[in-house]
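Right, one structure below, let's go through it.
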Amino acid sequence: MPFFEKDDTKIYYEIHGEGFPILLFAPGGMRSALSFWQSSPWNPIDILSKDFTVIAMDQRNAGQSSAPISQADGWPTYTQDHIDLLDSLHIDKCHVMGGCIGGPYCFGLIQAQPERVAAAIIQQTIGLDNNREAFYGMFDSWAAELSGIPQATLNQFRSNMYDGEFLLNVDEGFVAKCSTPLLVLMGDGLYHPQSTSRRIGELAMNAQLIEEWKSPDKIADTVSQCLAFLKANT
């Protein structure tokens, strides 16, 4: 089982297929792990690995990955994990795809190293729309499974993650200036409001929004559109 290790951080990842690389950020909130793709409307590990080198990972302190927790942790901490993993694999440029919490992870990497991301698929991203307390509750449920972490540390970590606006790690101003090609698969529900996906589609200068994509009769078309999008931007 491959792990990337840096200091006390240990990140589990898998590589499937061959071709231009695509880094996946799985759904699952704070528990984001590659196993969650198995219950996604379509599994990009299985499908995209036929044409691309797919790198799937467990985020820190989720799945098989682990890391210390401090009051300084937040979105940039995760972004640095993503950068470090790509560096360790000697990947200078890649696509990214994120589901749920993976939406902000995609934008975090685009913000930090825009030249590194060729294109991004944003699948039912989380976003802020009268649901901040729900994100607090989701974090607290995850944190309750940890042991030995002072409550003050967890409270600050939660604030760093979920006190932001719009996508929680980037604001509307950044998305409006983002020139990275984006394919946005619209979200729905409490954590993935439609309004967030629609707003990304309105703001970003190079974004395409797909509203109906995950019903059984739409999945084949969705996969075809995602493959065409990635190949066109490779």
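- When all heavy atoms are compared, the tightest approach of Q194 to M186 is CD-CE, 3.8 Å.
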| task | Under the side chain to side chain contact (heavy atoms under 4.5 Å, CB included) rule, what do W213 and Q124 come out as? Steps first, then yes or no, please. | result | CA-CA 10 Å; W213 65 272; Q124 57 180 32; 3.6 Å; yes
| request: Given salt bridge (Lys or Arg N to Asp or Glu O under 4.0 Å), test D188 with K214 step by step and report yes or no. | output: CA-CA 11 Å; D188 55 39; K214 63 180 180 178; 3.3 Å; yes
| task | Show your reasoning for whether side chain to side chain contact (heavy atoms under 4.5 Å, CB included) applies to L89 and L85. | result | CA-CA 6 Å; L89 297 174; L85 177 59; 4.0 Å; yes
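- Panel note: side chain D73, backbone S70; a donor-acceptor pair is recorded below 3.5 Å.
- A centroid separation of less than 6.0 Å is found between the aromatic rings of H82 and F25.
- In this structure a side-chain-to-backbone donor-acceptor pair under 3.5 Å is missing from H16 to I55.
- Between L168 and M161, the closest side-chain pair of non-hydrogen atoms is not below 4.5 Å.
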| Are S40 and Q123 close enough, and set up right, to give a side-chain hydrogen bond (donor to acceptor under 3.5 Å, both in side chains), and what steps lead you there? | CA-CA 10 Å; S40 179; Q123 178 174 297; 3.1 Å; yes
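- Proximity of a side-chain donor or acceptor of N233 to a complementary backbone N or O of P181 within less than 3.5 Å is not detected.
- Aromatic ring centroids of Y12 and F3 lie under 6.0 Å apart.
- Figure legend: cation-pi geometry between R132 and Y162 absent, as NZ or CZ is not positioned both under 6.0 Å from the six-membered ring centre and within 45° of its axis.
- Under a 4.0 Å N-O distance rule, the pair E115/K93 does not qualify as a salt bridge.
- Here the side chains of F166 and T196 are in contact, with some heavy-atom distance below 4.5 Å.
- M205 and V175 fall into different hydrophobic clusters, defined by Ile, Leu, Val, Met, Phe, Trp and Tyr side-chain heavy atoms under 4.5 Å apart, directly or through other members.
- Ion pairing between R31 and D58 fails under the 4.0 Å rule for side-chain N and carboxylate O.
- Of the possible donor and acceptor atoms, one in the side chain of T222 sits under 3.5 Å from a partner among the backbone N and O of K218.
- Atoms CG and OH, on L128 and Y191 in that order, are 13.0 Å from each other to the nearest 0.5 Å.
- For T125 (side chain) and I122 (main-chain N/O), no donor-acceptor pair under 3.5 Å exists by modelled atom type.
- Summarising the geometry of A207 relative to G201, their closest heavy-atom pair is CB-CA, 4.3 Å, with the distance given to 0.1 Å.
- The structure places OG1 of T234 at 5.5 Å from CZ of F20, a figure rounded to the nearest 0.5 Å.
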| said: For Y13 and F4: C-alpha separation, side-chain torsions, deciding distance, then whether ring-ring contact (aromatic ring centres under 6.0 Å, His included) applies. | reply: CA-CA 8 Å; Y13 68 96; F4 166 71; 7.8 Å; no
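- Heavy atoms only, all atoms of each residue included: C100 and G29 are closest at SG-N, 3.9 Å.
- C106 pairs in a side-chain contact (heavy atoms from CB on, under 4.5 Å) with only one of the listed residues (V96, L167, L182, V117), which is V96.
- When atom types are taken as modelled, the side chain of S141 and the backbone of G137 share no donor-acceptor pair closer than 3.5 angstrom.
- Proximity of N206 to S179: side-chain heavy atoms (C-beta onward) are nowhere separated by under 4.5 Å.
- Considering all non-hydrogen atoms of both residues, L185 and S197 come closest at O-OG, 4.2 Å.
- No side-chain heavy atom of I15 sits under 4.5 Å from any side-chain heavy atom of P2.
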| request: Assess whether side chain to side chain contact (heavy atoms under 4.5 Å, CB included) is satisfied between L109 and L86, documenting all intermediate values. | output: CA-CA 11 Å; L109 185 57; L86 290 173; 4.0 Å; yes
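- Side chain to side chain, Q151 and N155 meet the donor-acceptor criterion of an N or O pair below 3.5 Å.
- Just one residue in the list V54, T53, N43 forms a side-chain contact (heavy atoms from CB on, under 4.5 Å) with L48, and that residue is V54.
- Between the side chains of T9 and D7, no donor-acceptor pair is found at a separation under 3.5 Å.
- Remark: the backbone N or O of P104 is paired with a side-chain donor or acceptor of N169 at under 3.5 angstrom.
- Here the side chains of I121 and V184 are not in contact, with every heavy-atom distance at 4.5 Å or above.
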| Can R199 and D129 be said to form a salt bridge (Lys or Arg N to Asp or Glu O under 4.0 Å), step by step? | CA-CA 11 Å; R199 191 64 176 143; D129 188 351; over 6 Å; no
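- Using a 4.5 Å cut-off on side-chain heavy atoms (C-beta onward), E18 and F52 make no contact.
- Side-chain contact, Q111 with W75: no donor N or O sits under 3.5 Å from an acceptor N or O.
- Looking at N61, its side chain does come within 3.5 Å of a backbone N or O of A67 through a donor-acceptor pair.
- What you find for A112 and I83 is that their closest heavy atoms are CB-CD1, 4.1 Å.
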| request: In sequence, state the C-alpha distance, the side-chain angles, and the governing distance for Q225 and Q208, and then conclude on side chain to side chain contact (heavy atoms under 4.5 Å, CB included). | output: CA-CA 11 Å; Q225 288 177 285; Q208 175 186 355; 4.0 Å; yes
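- Side-chain N or O atoms of R116 include none that pairs as donor or acceptor with a backbone N or O of H95 at under 3.5 Å.
- Relative ring orientation between F107 and F174 is described as perpendicular, the plane-to-plane angle rising above 60° on a 0-90° scale split at 30° and 60°.
- Taking all atoms of both residues into account, the shortest heavy-atom contact from I45 to A56 is CD1-CB, 3.8 Å.
- Residues L24 and F229 share a hydrophobic cluster, clusters being chains of Ile/Leu/Val/Met/Phe/Trp/Tyr side chains in contact below 4.5 Å.
- Counting heavy atoms from C-beta outward, M57 and Y105 have side chains that stay 4.5 Å or more apart.
- Within a 6.0 Å sphere centred on CD of E212, other residues, nucleotides and ligands contribute 12 heavy atoms or fewer.
- Between the side chains of N131 and Y136, not a single donor N or O lies within less than 3.5 Å of an accepting N or O.
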